[in-house]
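Some notes on the structure that comes next.
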Amino acid sequence: MDRVLCVWVPDWPVRVAGAAPDVPLAVMAGGLVLACSPAARAAGVRRGMRLRPARARCPELRAVERDVEEEIRGFEPLVRELEEAVMPRLEVVRPGLLAAPARGPARYWGGEPQLVARVTTVLRELGHPARAGAGDTVFAAALAARSGALVPPGESAAFLAPYPAGVLGRPRLTELLHRLGITTLGAFAALPADRVAARFGAEGLAAHRTARGLEARPVSSRAGTADHSVTHAFEPATSLLEPVVFAAKAAADRLHQRLTAAGVVCARLEAEVELGDGRRLSRVFRHEGRLSAAAVAERVRGVLRAWEAAGTLAAGTLAGGSGADAPTGPGGTAPLPGFTPEPPSPPPSEPSSDRAPGAGVREPRGTGAAGGAFTTSGVGPGPATVHWPAPGAATRSAPGPAGAAGPPPAPVTGGAPVADALPGGSGAPDAPSPPWIARPAPPAGGAADGPATGRGTGVVRLTLRPEGISAATGRQAALFGREPTPEEVERAAARVQALLGHRAVTRVELGGGRGPGDRVRRVPYGDAAPARLPAGPWPGRLPAPHPATVYPAPLPARLTDTAGREVAVSARAEVSDPPARLAVAGHRAARITGWAGPWPVLEEWWDSAHARRMARLQVVTADGRAWLLVVERGQWWAEAGYG
Amino acid sequence: MLEIRRVWTGSASPGTAAAREGEAPASALGALLPGGRLRPGTAASAGGDIPLLLALAADAVAADRSAGRTGPVGWAAVGLPFLGALAAGDAGLDLDAGLWVDDPGRRWPQVLTAVLEAVPVVLTGPLPPVPDRVGRRIAALLRRSGSVLLAADRWEGAQLRLRVTAAVWEGVGDGEGLLRGRRATVAVTGRGAADRPRRADLWLPGPDGTVSVAAPAVAPTGITPAAGTAPAGPRPGERRPVAPAASVVPLRAVG
């Protein structure tokens, strides 16, 4: 039976929100309290409350909206620290909760109590109170972490038995069980499995397994997928880009053949290069079975280019401006040791006094998990050679984008049950045992290098490793909308994203809405589309021809009548006087030769926070231009230009 | 709520028929382009007129499609955060195949080359001054990849420079109507343009967002027949007459 260690940082959303412990603060998600500070809890605020009852109990309660991105970003340094100092295989269940296979690290540190002590000490040094617990499953371990318990092997079911069925995080199932008189996990676990399957279906069966102290899904599917990974060794090591890209294409071909032969697709693909000095760099791409071999090679090229560019910079500095906007999605794929992702800029809201070294450069950490096998000197050889990548480059990640091409931080849902929130396949390297010793030393930060500094650099090995294997069902075709995007566009997008960052490249999704800008949604290239607004009838929407220019931010405008007075629109949608002159910011004022409207729009009148009351007007000026103007609260704006 | 409905009293809207039937070799802009099409591997500039830029892009996409490509034709908009997606879709660009790089920043040459290597039709917004070296590299890249570069404003290496010399929007009156289309006179200069007409009257855009040849004005009430049937050539020396907008009342607000 596997052992799982869970590390829990209590009230992580509150910590990210950055309030003093004596300030009553609640982090809201979807109108419900997601987490609250100790002061608020003392006043009676509880998780899952609506804001009003919470305010009733604690009138001075400060409520802030949840910031998932900030939570992920703030959590990343903790994950990295644990990776380097305690154990290399980690999964981020959600920000604030980590799961890790416990057996190896426990043996290394001398037992589970020692491992737990080590983890909590490391996190306390970073200034975060943490609890850790161990169990046979992630679910049990996560519950154990709350009380800091170490559930002995084989006793997870007994440990879980007294908990209420609600901890399963499946409200509908819980409600049903309550009606059946089953209130605890123990009672649920006592039901025969076949009856549960017949009555509650697959989801119920998974919950039943969870309640019985069995893993609904394995922690990491990596062990089972190691067969599919493809390696290409370079003999001698190459310091040129093209041979690596060429090999990547051939390797991707082989990989796809293997996956096809096995009838599976992979959700993600990890490309790892091993350098002559023993360092390994890796990057995870989303694959979803839709990348061709050429597209894989293209992504490898993009990432290598980015690493190369980062390497030309002086050691220890951040790699270019775009590094900061790299979304660091832990998303379940913990980066490998030997590959230190670019530390994100420290979140401003986080109390960072205790993390003085700053996020950019880490101090050398030689004697940690590396077991002293390699000493980290902290001295870079300097970018003296022309080899690629420059040896001083250390193991910094590419400027952002490719990281974002990795798995999305999907499992970060608020109250999701831990067992559910686990990403499908993720985790850890295919396992030399014990893995953290067989791996080369995690280079300590910007300038450190292994003992092999003197040897030539260059790529000695390229490995493509599929992750998140699932049966090939042919569902990927419509990932980007109705028709598959031309591959050339995807390739170009990947390269530009490698240059500028994931969010710099977007595509357009049309949705509902009235204004020309409302109907268009920009989605970062490679991300799934957000939910569409209904196609609607949308009364008040203007027909074609549509404006060719839609300003991302409307330009302030001044619309005046013949006497020079500002034109107003009445509640009955009538203009006060015919407009005669239009001046748009950044454009020359012009006489108006024709106008149409106004068409009033009242949006979301039922919601005072979002309600908009405005009127649109089409205006043609003497210089041959046509504008779409909108007036809101007495101010005219040029929303779009027709040409 | 107010509902806006198009109420036509005249015949079919000009341009639509031409756009649907006459969609093959000759495009509306064809009269201005050497060979009737934007040639692969060339660059053209639109003189700051975004509808004209979209028309050029639609023309390039159509050329690419008629060259035997199946499926959507990829295109990219670099440095054009304000490009209207709906207008682009109406002009004939496939929004699902579009790629937008709103802010290429200081690394725009790299971005542009990366995009031009792979995407057949590339639109660019206003760019910083282009160093000679970069311009030559991009020109060489265009010849090699066969992509088409369309600059919204100006591009030193553009083989064709188009611009709108006069334009009048039609459809709105004095507080009534709805924009219907723009009659624009487009002039072209550049290589290969010597034996071509140098200007053309176009609906840019027409009532359905596409570009079509505009017949030189007719009587105000009888709206033109389908424009494809009308002789399209501009008459030398003739000022393009414009129907007085107020006399056409194509729309009314209902409700």
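Throughout, protein chains are lettered first and strands after them, A, B, ... in sequence-line order, and every chain is numbered starting at 1.
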Donor-acceptor list for residues 625-632 of chain A side chains, cut-off 3.5 Å, not counting sequence neighbours:
residue, atom, partner, partner atom, Å
A/Glu632, OE1, A/Arg612, NH2, 3.0
A/Glu632, OE2, A/Arg612, NE, 3.3

State plainly whether the residues [X] and [Y] are in salt-bridge range, i.e. N to O under 4.0 Å.
| X | Y | result |
| --- | --- | --- |
| B/Arg180 | B/Glu170 | yes |
| A/Arg495 | B/Glu117 | yes |
| A/Asp518 | A/Arg514 | no |
| A/Arg565 | A/Asp577 | yes |
| A/Arg616 | A/Glu639 | yes |

Who among [options] has the most heavy-atom pairs with chain A under 4.5 Å?
| options | result |
| --- | --- |
| B/Ala87, B/Gly175, B/Gly84 | B/Gly175 |
| B/Leu53, B/Val111, B/Asp49, B/Asp103 | B/Val111 |
| B/Trp75, B/Trp100, B/Phe82 | B/Trp100 |
| B/Val115, B/Val164, B/Asp90 | B/Asp90 |

Please classify the contact between [X] and chain A as side chain, backbone, both or neither, with a heavy-atom cut-off of under 4.5 Å.
| X | result |
| --- | --- |
| B/Leu83 | both |
| B/Pro51 | both |
| B/Ala114 | both |

Relative to chain B, which of A/Thr549, A/Val520, A/Val619 shows the most heavy atom pairs under 4.5 Å?
-> A/Thr549
Can you tell which of A/Gly624, A/Pro578, A/Ala548, A/Pro552 has the highest number of heavy-atom pairs within less than 4.5 Å of chain B?
-> A/Ala548
Turns out that what part of A/Val505 lies under 4.5 Å from chain B's heavy atoms comes down to both
Just distance, no hydrogens or angles: give the donor-acceptor pairs under 3.5 Å from side chains in residues 145-152 of chain B, sequence neighbours left out.
residue, atom, partner, partner atom, Å
B/Ser145, OG, B/Leu116, O, 3.3
B/Ser145, OG, B/Leu141, O, 3.0
B/Ser145, OG, B/Ser147, N, 3.3
B/Ser145, OG, B/Ser147, OG, 3.2
B/Ser147, OG, B/Leu116, O, 2.8
B/Ser147, OG, B/Val119, O, 2.9

